[in-house]
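To start, the structure itself, in structure tokens.
Both counts, for ligands and for their atoms, begin at 1 and track the order of listing. The first residue in the sequence is number 1, and the count goes up from there.
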Amino acid sequence: MSKILYISSEAFPLIKTGGLGDVAGSLPTALLKKSQDVRLVLPAYPEVLKKIKKSKIRGEASYYNMPVKIIETKLPGSNVTVWLVDCPAVFNRPGGPYTDEHGQAWNDNALRFAIFCRAAVDLSLNKLRLRWQPDIVHCNDWQTGLIPALLSLHSQRPATIFTIHNLAYQGVFDQQTFSDLHLPEKLWHMNGLEFYGQLSFIKGGLVYADRITTVSPSYALEILEPEQGYGLNGLLKERSKYLSGILNGIDDKYWNPGTDSYLKQKYNRHSLSKKILNKTDLQEELLLPSDTSIPMIGMVSRLVEQKGLDIILESLPTLLNMPIQFVILGMGETHYEIQLSEWAQRHPDRLKVIVGYNESLAHRIEAASDIYMMPSIFEPCGLNQLYSLRYGNLPIVTNVGGLADTVIDASEENIDNGAANGFVLKEHSSASLLTTVQRAITVYQKPKIWRQLQINAMSKDYSWSISADNYITLYQRALREHKSI
Ligand code: ADP
Ligand code: GLC
């Protein structure tokens, strides 16, 4: 059994903006089930404080002259102990974890997450008198990047793991910020936190962690190349011996069509005929024509370039002349929100766009749709295609990252050999997207084959169990390597 301190800037159900929230909410629970002693560290955002029930103050500290309390609670619905870094001066404000109400990044994000990292470092070294010393410190994304860097300066430190959920977000700030944060001069060099004259939080993880992981095997290879490496591919290549990809899992407690409390009509692969009631229900709710035979395409997503919105927008004129209903739930960049909403106003019978964040609707769209739209430019893992597979909602995806690792194209050969579970674009273009949607519609009109594909999709085990085992093996390896230094 290892003692694992798992550190993330979001974790479902306390706070979530995307897939990182899902992962940080479910991997610690899976590790606990496998008898690991795991604690989760999160910032105490107001939304989090509102959701917790029992809590007690376990420690106090001060960083940059700001008082910080460590609040202990449990992750709702689990037995995972959570330590909240409560620094009201930087975390207690309306808006999101990273941005204000208008989607603008908080201008003190470097300070906010430096405080978070410094608290996590003290927890890692058992300096806050919580009487618990981890063997493993597992960090996630740039918000936690300073932790491996600062820990590297201590000889008696736990082993460190850094997981890249998305290399496109790096936490880069100007050089002045490095001085303002009083970071040790020792860390300011090309092979340290410096990134072309700027301070890079993510480099702290990539350079100093004992082991680096990312969330799918394919993405672990893609980030070694310039296109997906965002200037860090050279460094990652140098460290590739310590880099591996472990696929995300899904939390069966929340994402299971047989028990999903958001669904009026629950179903599983043995009662697939009931799935359609979710579609008629959603058609009624969204004022779409009631029609069971028309394929419904769903999408639940951050509305950002990564998710392939440009080729979707380019395809819409043709797509909306096809016999489909398209339902999009999302929020993100304003220009996408506006353009999609305008298209929806012009085609109320074909396209519904719901701008906002809505957990219940996200589940209901997965259950109602026949086809799921996810033509991402890149996708480190992607959880929505996994949810879609689990819900018998066949994904249309690009051949990248975690999408390539989980979706098997409905080619004739794959249909015949029983492997097919979705549709893969030949290339990332609107032409390819349209051909693929057309292909999906054609297969949809062959109910027997469609049903078989749904069963293929729903039969696979996407739970965390296997991936959690892979993390445990990696922790043990990191510990062995670390001890032998
Ligand atoms: P990413 O982390 O890049 O956003 P993922 O597919 O890994 O992509 O995970 C996205 C998660 O966020 C899923 O759980 C998805 O259901 C959820 N999500 C995204 N946008 C919304 C939204 N507008 N409302 C509800 N859930 C959303
Ligand atoms: C990131 C990625 C997504 C991944 C998620 C959780 O947000 O964009 O592909 O599934 O992290 O690891």
Side-chain angles (χ1 to χ4, degrees), residues 6 8-13 15-27 96-98 103 138-144 162-170 202 213-220 222-223 228 230 245-251 253-255 260 262 298-309 327-333 336-337 340 352-367 369 372-391 393 395 397-398 400-407 462 464 467 471:
Y6 191 92
S8 172
S9 54
E10 52 182 275
F12 185 80
I15 178 88
K16 163 175 158 183
T17 68
L20 171 62
D22 287 330
V23 173
S26 48
L27 174 56
Y98 320 118
H138 188 159
C139 305
N140 295 276
D141 273 356
W142 74 261
Q143 293 84 356
T144 62
F162 184 81
T163 296
I164 307 165
H165 294 264
N166 196 332
L167 197 62
Y169 302 99
Q170 301 183 353
I202 202 167
T213 70
T214 187
V215 284
S216 68
S218 286
Y219 191 62
E222 289 166 8
I223 54 179
Q228 293 307 331
Y230 291 94
I246 300 179
L247 213 53
N248 288 334
I250 66 181
D251 194 333
K253 189 161 74 241
Y254 299 111
W255 292 98
D260 190 329
Y262 290 118
M299 179 168 185
V300 179
S301 184
R302 291 185 295 121
L303 300 180
V304 294
E305 195 190 1
Q306 176 193 342
K307 302 296 177 181
L309 286 153
V327 177
I328 303 177
L329 165 65
M331 60 189 283
E333 291 172 22
Y336 290 131
E337 296 181 357
L340 288 172
K352 290 288 164 191
V353 173
I354 303 98
V355 173
Y357 187 91
N358 187 328
E359 193 65 33
S360 153
L361 189 55
H363 285 246
R364 287 180 291 120
I365 290 175
E366 288 288 4
S369 307
Y372 189 80
M373 180 69 93
M374 200 160 174
S376 308
I377 299 176
F378 67 94
E379 197 59 75
C381 177
L383 289 166
N384 272 115
Q385 88 280 12
L386 296 180
Y387 299 148
S388 302
L389 291 167
R390 186 82 177 83
Y391 281 60
N393 170 14
V397 302
T398 26
V400 294
L403 301 175
D405 291 343
T406 53
V407 179
Y462 305 103
W464 266 107
S467 300
Y471 277 108

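Ligand 1 has Tyr387 within reach: a non-hydrogen atom of the residue lies less than 4.0 Å from it. Lys16 counts as a contact of ligand 1, since one of its heavy atoms falls under 4.0 Å from the ligand.
For the atom pair Asp260 CG and Arg364 CZ, the distance stands at 10.0 Å (nearest 0.5 Å). A distance of 4.0 Å separates OG1 in Thr406 from CD in Gln385, rounded to the nearest 0.5 Å. Atoms OG and CD1, from Ser467 and Ile250 in turn, are 11.0 Å apart once rounded to the nearest 0.5 Å.
Among all non-hydrogen protein atoms, the one lying nearest atom 8 (O) of ligand 2 is Gln306 NE2, 3.2 Å. Scanning all protein heavy atoms for the shortest distance to atom 6 (O) of ligand 1 gives Leu383 N, 2.8 Å. Nearest protein heavy-atom contact of atom 24 (N) of ligand 1 is Asn358 N, 3.0 Å. In terms of protein heavy-atom proximity, atom 23 (N) of ligand 1 is closest to Gly356 O, 2.8 Å. Protein heavy atom nearest atom 22 (C) of ligand 1, with residue, atom name and distance: Tyr357 CD1, 3.5 Å. At the shortest separation from atom 20 (N) of ligand 1 among protein heavy atoms lies Ser301 C, 3.5 Å. Remark: minimum distance from atom 15 (C) of ligand 1 to any protein heavy atom is reached at Asn384 OD1, 3.1 Å. Protein heavy atom at the shortest distance from atom 18 (N) of ligand 1 is Val300 CG1, 3.9 Å. Looking only at heavy atoms of the protein, atom 14 (O) of ligand 1 is closest to Asp22 OD2, 2.5 Å.
Between the side chain of Gln228 and the backbone N or O of Leu167 there is no donor-acceptor pair closer than 3.5 Å.
Side chains of Glu10 and Thr17: a donor on one and an acceptor on the other come within 3.5 Å. A donor-acceptor contact closer than 3.5 angstrom links the side chains of Glu366 and Ser388.
At a threshold of 4.5 Å between non-hydrogen side-chain atoms, the residues Ser301 and Met331 do not count as touching.
For Glu305, the CD atom sits in a loose shell: 12 or fewer heavy atoms of surrounding residues, nucleotides or ligands are nearer than 6.0 Å.
Close N/O approach between Met374 and ligand 1 is not found [any backbone or side-chain N/O within under 3.5 Å].
Residue contacts with ligand 2 for Asp22 are absent, since no atom lies close enough (heavy atoms, distance under 4.0 Å). The backbone of Leu20, and not its side chain, has at least one atom closer than 4.0 Å to an atom of ligand 2 (non-hydrogen atoms only; backbone = N, CA, C, O).
Partner Val407 forms a side chain to side chain contact (heavy atoms under 4.5 Å, CB included) with one of Val397, Thr398, Leu386 and no other, that one being Val397.
Comparing Ser216, Gly21, Gly382 by heavy-atom distance to atom 4 (C) of ligand 2, the nearest is Gly382. The residue among His165, Gln306, Lys307 with a heavy atom at the shortest distance from atom 1 (P) of ligand 1 is Lys307. The option from Glu379, His165, Met374, Lys307 that lies nearest to atom 1 (C) of ligand 2, judged by heavy atoms, is His165.
Ring to ring, Tyr169 and Trp142 are not that close: their centroids are 6.0 angstrom or more apart. Aromatic ring centroids of Phe12 and Tyr254 lie under 6.0 Å apart. Ring centroids of Tyr471 and His138 are separated by less than 6.0 Å, placing the two rings close together.
A salt bridge is absent between Arg302 and Glu333; no separation between the charged side-chain nitrogens and carboxylate oxygens falls under 4.0 Å.
Proximity to Asn166 (heavy-atom distance under 4.0 Å) selects the following atoms of ligand 2: 8 (O). For ligand 2, the atoms lying closer than 4.0 Å to a non-hydrogen atom of Val215 are 12 (O). Near Gly382, meaning under 4.0 Å from one of its heavy atoms, ligand 1 places the atoms 6 (O), 7 (O). Proximity to Gly19 (heavy-atom distance under 4.0 Å) selects the following atoms of ligand 2: 5 (C), 6 (C). Atoms of ligand 2 found under 4.0 Å from any heavy atom of Val23 (numbered from 1 in listed order, with element): 6 (C), 12 (O).
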